[in-house]
Amino acid sequence: MDNSEDELEENEAVWKNSFVDSVPLSLAAAPGPSLSKTSPPADRVILHFDLDCFYAQVEMIRNPALREVPLGIQQKYIIVTCNYVAREQGLTKLMSVTDAKEKCPQLVLVNGEDLTHYREMSYKVTELLISYCPLVERLGFDENFMDVTEMVERRLAQTLESNTFSFKGHVYNQRSAEVKASDYLRLALGSHIAAELREAIYTKLGLTGCAGIATNKLLAKLVSGTFKPNQQTTLLPENIRDIMGHLSSLRKVPGVGHQTAKRLQALGLVTVKDLQLFPLTDLVREFGGPPAQRLKNLALGVDDSPVTPTGAPQSLSDEDSFKKMSSTKDVLEKIHQLLSSLVERMHRDGRQPQTFRLTIRRFSATNKWFSRESRQCPIPSHIGQKIAAGSSDDAVVQLLPLAMKLFHKMVDSSITFHLTLINVCFSNLQTRRAVSGGKGCITSFFRASPRKIQILSSQSQGDSSHSVDGHCTDHQFSTHGMAAQHLSLKTVTTKSPRSSEAALHGFKWKQSTVVAEEENQKASCCTTGSDPGETNDTVTHQLPANIDPKVFKLLPEEIQKELLSPAYVNCLLSTSDSQNIKDVTAAANELEPSDRVSAVNHQQPAGTSAFPVENVLEEEKLSFPQSSDCEFPGNVDPKVFSELPLDVRMELMSEWKQQKPVLKAPFSRKPVRSLITKERNALGKGSQTNSLLKYFKRS
DNA sequence: CCGGGGACGT
DNA sequence: ACGTCCC
Ligand SMILES: Nc1ccn([C@H]2C[C@H](O)[C@@H](COP(=O)(O)OP(=O)(O)OP(=O)(O)O)O2)c(=O)n1
Ligand SMILES: [Mn+2]
Ligand SMILES: [Mn+2]
């Protein structure tokens, strides 16, 4: 989007001095600044991890021969990233293929449009980090924040028994050996933890990356990239002003995007210092209170936002872009293709999506590559169940009409259109209720055991499994950057409390409670006919009332015939009043036994329960959707149906036949309208969070 | 020759 | 539903 417009700024001449790797220190001195013996220390210890040339690294693992050649990962016409061999030749991230080939004719390209492998590796990293400490927040596929404050506190005691101690890795802007780790003992311990975790990521997953150690997320992220590949850097409080002041522009501040930078520039602000010195009151005028304060804080290197465990993804999407798509048939095929892969992913996830969204991007000369349009609708529960159950083909076939209906809400297919992108997305993901215990569940992200919902009450306190926490290393090698230091990872092989399967694949994500029985949702996009005002006066002949004649005429003759065949017509005609309303059963919120100790630490916002109480679906009673006695369910738009390929239509028909009719509500035809937009936003999350960015939320 | 994802705020 | 941010 806007993201890359100013992306291509030259690397400023960073004056990043550092003392490398092992700064000796004596422990005689007093402990760190805010070391109040009692609970939450004023200063947190935050780690930020960022994998090296992530997609390229994954491809190099898959094919080691690529390690020695300049490698670019291609998505359409873009080299989205490249390995460091290629970077030595001047290649950069997000470079066009033509520019890249120009700079480096021998560049080897691997297509990276399918993110599957990157996504899987990404979650393995997050999972590994979580196994050491639950406070892990993802950012994109290759970054994780971690709050290790408590882990540090626990190590502190053990450290005091040790004689010497030092930082691991670089210390920002600090080249003298005088660095007193004793003044920043907790950050120093954080640097050891970071080194150990990087080592674990390398030995277990084969991935290298950078880490930043600082007192908040903003600073940890900013400092992590100081020395680039496969190194780590700690930012001491005394250097906060340095690192902020030397950012080349406000755009470098995470949270200041293209639009915000433009607005700031309109105020005459370009550098971080500009913003630091700008009167808050003037800033408030432009951005409003909280965002203004947030911006100023960011410029000062202040960031109180907590590390919020990310949990399982809130949406899954699949998209493709292209130069031109202009026929309904192509659109349908593309959506079919996208849906097939998305439904498979959704099934592996194990949860049940309740909302479907279709997004398009249209070509236009003026708008060049701009805005997207989208429409969404509820997913009828019987389809959601098929997705979760793994009846993927059935699910896809039944989702297709939904998607096409949404498509027609955006695109008048009787007029020429030109699309350049289609995206399909599942959201409002509901966890199916675990058996009886009603406890936490582990939904497997990975393939291995699809139906994985396990109960796990362990893990509660602290760092658990790995005794990375065990004791600090007492030797210090100055291996500058090589993650190969003999860190005290010896203990890593201690018995894992989890089953091996869980350790490998299990994912302990966020919890929630019950949403009890759900109503039969009726997609507004699925309501047939009876659209007020949209009746056809140009009727040609015996077309069912809800078929658009214009569309009908465009259909192939064979499809027209089929539509007019008695069986179909009967179905279509009987659909209009088939919209039985099923009562919305009251949602009985049942509290989670929650013996799972929330491994959340001090910065948990007051009033926020450790785990949100939502998104868990009661196992559904076998209720069958509002289908009338006709074989043609009421939620299928005839126009859409007519556009489906014959085989899809046949599949749908056979689907419908197998469904046993449900008890018809005698008092059916009701104002469905009030219900169809139901789709309440289970507005769960941030109770307030109106901040500029959730990215650096206030605490 | 501007990907393919995500999260959150309005 | 769309905008902005992140990677
Ligand atoms: N606009 C972007 C930014 C990133 N990515 C993908 C490709 C990257 O491989 C991955 C991680 O992004 P980074 O910015 O961390 O870049 P790399 O990890 O590739 O390189 P570096 O070693 O500089 O971190 O996310 C993307 O698809 N589109
Ligand atoms: Mn990154
Ligand atoms: Mn990276």
Side-chain angles (χ1 to χ4, degrees), chain A residues 1-5 7-8 48-51 53-55 72-81 93-102 111-116 118-119 122-123 137-145 217 221 225 251 253-263 287-288 290-291 294 298 305 308 310-323 338 341-342 345 355 357-361 363 367-377 406 409-410 420-427 677 679 681 683-686 688-697:
Chain A
M1 317 250 219
D2 67 272
N3 230 15
S4 51
E5 308 207 355
E7 201 82 35
L8 287 173
H48 174 257
F49 296 91
D50 188 326
L51 271 3
C53 57
F54 182 49
Y55 294 0
I73 304 302
Q74 180 175 205
Q75 290 173 334
K76 298 297 186 299
Y77 305 112
I78 295 273
I79 306 294
V80 68
T81 194
K93 292 181 277 188
L94 302 175
M95 188 177 249
S96 80
V97 169
T98 46
D99 288 356
K101 280 289 197 178
E102 204 170 303
N111 186 288
E113 290 163 19
D114 183 345
L115 304 188
T116 302
Y118 316 138
R119 183 184 294 111
S122 171
Y123 275 96
E137 178 177 342
R138 292 164 54 81
L139 184 62
F141 279 6
D142 89 321
E143 293 176 33
N144 291 278
F145 292 98
K217 288 200 289 179
K221 179 173 170 57
R251 263 289 1 229
V253 178
V256 178
H258 186 63
Q259 297 302 321
T260 304
K262 266 172 36 186
R263 293 172 67 182
F287 294 90
R294 197 88 253 288
L298 290 178
S305 68
T308 304
T310 300
Q314 298 171 14
S315 64
L316 301 191
S317 65
D318 207 334
E319 72 183 49
D320 197 7
S321 63
F322 25 79
K323 285 188 125 75
L338 293 172
S341 117
L342 185 63
R345 270 214 281 150
T355 302
R357 173 167 54 219
L358 180 73
T359 301
I360 63 171
R361 186 180 62 194
F363 178 85
N367 232 359
K368 205 67 184 196
W369 300 81
F370 217 29
S371 68
R372 288 140 126 103
E373 304 161 50
S374 70
R375 294 292 184 273
Q376 67 177 243
C377 71
L406 294 177
K409 280 187 161 213
M410 291 183 282
T420 61
L421 176 143
I422 295 180
N423 173 294
V424 293
C425 177
F426 287 142
S427 60
T677 46
E679 173 103 78
N681 288 329
L683 234 192
K685 280 238 145 143
Q688 70 297 8
T689 21
N690 53 344
S691 78
L692 176 63
L693 298 165
K694 106 100 198 179
Y695 179 44
F696 291 118
K697 287 185 298 290

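Quick caveat: nothing in here was measured; it's all calculated off a predicted structure. Just so we're on the same page: letters track the sequence lines, and every chain starts at 1.
Using a 4.0 Å heavy-atom criterion, one finds that A:Arg375 contacts the sugar-phosphate atoms exclusively. Using a 4.0 Å heavy-atom cutoff across all strands shown, A:Glu319 reaches at least one base atom of the nucleic acid. Using a 4.0 Å heavy-atom criterion, one finds that A:Arg345 contacts the sugar-phosphate atoms exclusively. Residue A:Ser374 is classed as a sugar-phosphate contact, given heavy-atom separations below 4.0 Å to backbone atoms only.
In this model, the phosphate group of C:dG3 is not approached by any side-chain N or O of A:Ser371 to a distance below 4.0 Å at OP1 or OP2. Between A:Lys409 and the phosphate of C:dA1, there is no side-chain N or O to OP1/OP2 separation shorter than 4.0 Å. Taking 4.0 angstrom as the limit, A:Arg372 places none of its side-chain polar atoms (N or O) nearer than this to OP1 or OP2 of C:dA1. Between A:Thr260 and the phosphate of C:dC5, there is a side-chain N or O to OP1/OP2 separation shorter than 4.0 Å. OP1 or OP2 of B:dC8 has at least one side-chain nitrogen or oxygen of A:Gln314 nearer than 4.0 Å. For C:dC7, the OP1/OP2 oxygens have no side-chain nitrogen or oxygen of A:Arg138 closer than 4.0 Å. Remark: A:Ser317 is not in phosphate contact with B:dG4, judged by side-chain N or O atoms under 4.0 Å from OP1 or OP2. Phosphate contact (OP1/OP2 of C:dC6, side-chain N/O of A:Arg251, threshold under 4.0 Å): present.
Considering only the side chain of A:Ser96, B:dC2 comes nearest among B:dC2, B:dG6, C:dC7. In the set B:dG6, C:dC5, B:dG3, C:dC5 carries the atom at the smallest distance from any side-chain atom of A:His258. Nearest nucleotide to the A:Gln376 side chain, out of C:dA1, B:dG4, B:dC2: C:dA1. Picking from B:dG4, C:dC7, B:dG3 the nucleotide with the shortest atom distance to the side chain of A:Ile78 gives B:dG3. Here the nucleotide nearest the side chain of A:Leu139, chosen from B:dG3, C:dC6, B:dG6, is C:dC6. The A:Lys76 side chain lies nearest to B:dG3 when the options are C:dC5, B:dG3, C:dC2. In the set B:dC8, B:dG4, B:dG6, B:dG4 carries the atom at the smallest distance from any side-chain atom of A:Asp320. Of all nucleotides listed (B:dG6, B:dG3, B:dG4), B:dG6 comes nearest to the side chain of A:Leu316. Proximity note for A:Glu373 (side chain, C-beta onward) versus C:dT4, C:dC2, B:dC1: the nearest is C:dC2. Of the candidates B:dG5, B:dG3, C:dC7, B:dG5 carries the atom nearest the A:Asp318 side chain, counting heavy atoms from C-beta on.
If you take CG of A:Asp114 and P of B:dG5, they are 8 Å apart, rounded to a whole angstrom. A straight line from NZ of A:Lys221 to C1' of C:dC5 spans 11 Å, rounded to a whole angstrom. Computed from coordinates, the A:Leu421 CG to C:dC2 P distance equals 14 Å when rounded to whole Å. Taking atom CD on A:Glu143 and atom P on B:dA7, their separation rounds to 15 Å, with Å as the unit. A:Arg357 places its CZ atom 11 Å from the P atom of B:dG6, with the value rounded to the nearest Å. As a whole-Å value, the separation of A:Asn423 CG from B:dA7 C1' is 14 Å.
Partners of A:Ser427 by side-chain contact (heavy atoms from CB on, under 4.5 Å), not counting sequence neighbours, listed by chain and number: A:Ser315, A:Thr355. A:Tyr55 is linked by a ring pair (Phe, Tyr, Trp, His ring centres under 6.0 Å) to A:Tyr118, counting only residues two or more places apart in sequence or in another chain.
Rounded to the nearest 0.5 angstrom, A:Lys217 NZ and A:His48 NE2 are separated by 10.0 Å. Rounding to the nearest 0.5 Å gives a distance of 13.5 Å between CD1 of A:Ile73 and NZ of A:Lys93.
Residues A:Phe363 and A:Lys323 form no side-chain contact, since every pair of their non-hydrogen atoms from C-beta on lies 4.5 Å or further apart.
By the 4.0 Å N-to-carboxylate-O rule, A:Glu319 lies too far from A:Arg361 to be salt-bridged with it.
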